[in-house]
Amino acid sequence: MLTVACGEGTPSNGVTGPQLPAGGVADPTLLPVATGQVKDPSFPYGRNLSAGQSYVDPTTGVTVIKLTDATSPVPNDKAQVHDAQVTSVSLPWGPNGEMRTICILVSEAGNSRPWLFDLNTQTLELSNKRMVGAEFNGSRAAGAIAFSNVDPRTLYVVSNSAQFQRYNTELDAFVDGDGFPKDVPPASRLGILFVSADDRVFVATQYNRQWWVYWHRDTDELVYPAAAVDGQGGLNPTGRWGTGFDHTLNSAYAMNTVTGQRRDPPELLDYSHPANGPEHRMFAAEWVDGLRQFKVWHIESNTVETVGQPGEIMHGSRHHFGNWVVGQPDPPWGGLSVYNTKPGSGKLILAVGFIRMSNSNPDVRLVAHHDSEGEGFDEQPHAQSSPDGAVIVWQSSMNNPGGRVDVFLALVPS
């Protein structure tokens, strides 16, 4: 069993932290409405915890587990979620659906390697920590992974051997068949992988964010998009549209995965990290007089919907997450991890939260505050979620700018 450190597990508002019922469905409406609450300056937010210990967020009552520290799972420099950024947590498995598998990157002497953890969401016990960097051919390239949206024990990998591969987290081995492994032309530092909702369409990008290749398993076709600039996008549930960001135009764009043709939105849209909704919707944003304004781009109709007012949701820097995983009820929810913001600058401040992709009611919800206030890339939370949106992971320097970074996990109420 995990333990709660003395002084860190008692919330200031007296609420208790619910554990995730086995097989439960995440419901963001059970989270508190975000109204610009700031983190409690007296609360350490896991700063003094060891790996495997937990606390309850004093504002939301959400249970948060610290997954790593300087000596766990091995003596390390830092731990991160960013390179495994699409779906870093599996769907539930186990006798009663109480288990989840988590993938994070652990840096040993500057070399990042993927590690897998198993989490019991009922007992909060972490088990079976294993390093899989050797199997994935090591290096940061091993960050090109994505958990299956269909089978909770399947993890997809694009390895340095220039292949799409399927990895079974129960056997801890690659499984061939049904098109795997699939050879693709080699490219340096493969860093990002997206998979459609039915596990039939894949898109892999280079770590330098250039679009690389789409693979359609049903037709066994490899499609190379034309005129793409900078990847780091997403893939919508059907696998028909991929999205990226053009740094020349400072705007998002979409790529048709069948034809390889590009579509640009009717107005410039800024975004960071993937969040694609059902019905070909992409969660984006733009600056309006120095304030953040959120948008939803309906790619098929090529129309843009405004969500909330400028500065209403947040002011400072942010990353989207979710990639359509929190898709019900309609309108779907998009995720945000927000950093480098100040009190009075919006509804989400140094926090992880959800907003509806709706212009009539963004309904901003607060999952948990985090303690990263540094502006370094590693210190940004880079939150990601499980395919069902029930489990969220992020990284934090724990209010120690330039200090070590660890990974935390929150259970969304259901």
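As a basis for the values below, the full set of heavy atoms in this structure was taken, side chains included, without hydrogen atoms, waters or symmetry mates. A quick note: this is a predicted structure, and the numbers were derived from the prediction, not measured.
- For Glu108, the side-chain hydrogen bond (donor to acceptor under 3.5 Å, both in side chains) test picks out no residue, with sequence neighbours left out.
- Residues satisfying the salt bridge (charged side-chain N to carboxylate O under 4.0 Å, His left out) criterion with Arg130, sequence neighbours excluded, are Asp118, Asp172.
- Annotation: salt bridge (charged side-chain N to carboxylate O under 4.0 Å, His left out) contacts of Arg153 (sequence neighbours excluded): none.
- Applying the ring pair (Phe, Tyr, Trp, His ring centres under 6.0 Å) rule to Trp93 yields no partners; only residues at least two apart in sequence or on another chain are considered.
- Under the salt bridge (Lys or Arg N to Asp or Glu O under 4.0 Å) criterion, the residue pairs touching residues 357-370 are Arg356-Asp363, Asp363-Arg365, with sequence neighbours excluded.
- Scanning for side chain to side chain contact (heavy atoms under 4.5 Å, CB included) contacts around Leu409 gives Ile65, Leu67, Ile102, Leu119, Val391, Val393, Leu411, with sequence neighbours left out.
- Take Glu312 and apply the side chain to side chain contact (heavy atoms under 4.5 Å, CB included) test, not counting sequence neighbours, and it matches Gln309, Lys347.
- Shown here are the side chain to side chain contact (heavy atoms under 4.5 Å, CB included) partners of Ser360, two or more places apart in sequence or in another chain: Ser358.
- A search for side-chain hydrogen bond (donor to acceptor under 3.5 Å, both in side chains) contacts involving Lys129 returns Ser72, not counting sequence neighbours.
- Residues Trp297 and Arg263 form a side-chain contact, since some pair of their non-hydrogen atoms from C-beta on lies under 4.5 Å apart.
- By the side chain to side chain contact (heavy atoms under 4.5 Å, CB included) test, Asp176 is found to be paired with Pro181, residues two or more places apart in sequence or in another chain being considered.
- Every residue two or more places apart in sequence or in another chain was checked for a side-chain hydrogen bond (donor to acceptor under 3.5 Å, both in side chains) with Trp115, and none qualifies.
- A 4.5 Å side-chain heavy-atom check between Asp371 and Ser396 finds at least one atom pair inside the cut-off.
- The side-chain hydrogen bond (donor to acceptor under 3.5 Å, both in side chains) search around Lys66 returns none, not counting sequence neighbours.
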Stepwise, does the ring pair (Phe, Tyr, Trp, His ring centres under 6.0 Å) test hold for Phe147 with Tyr156?
CA-CA 6 Å; Phe147 274 101; Tyr156 295 109; 9.6 Å; no
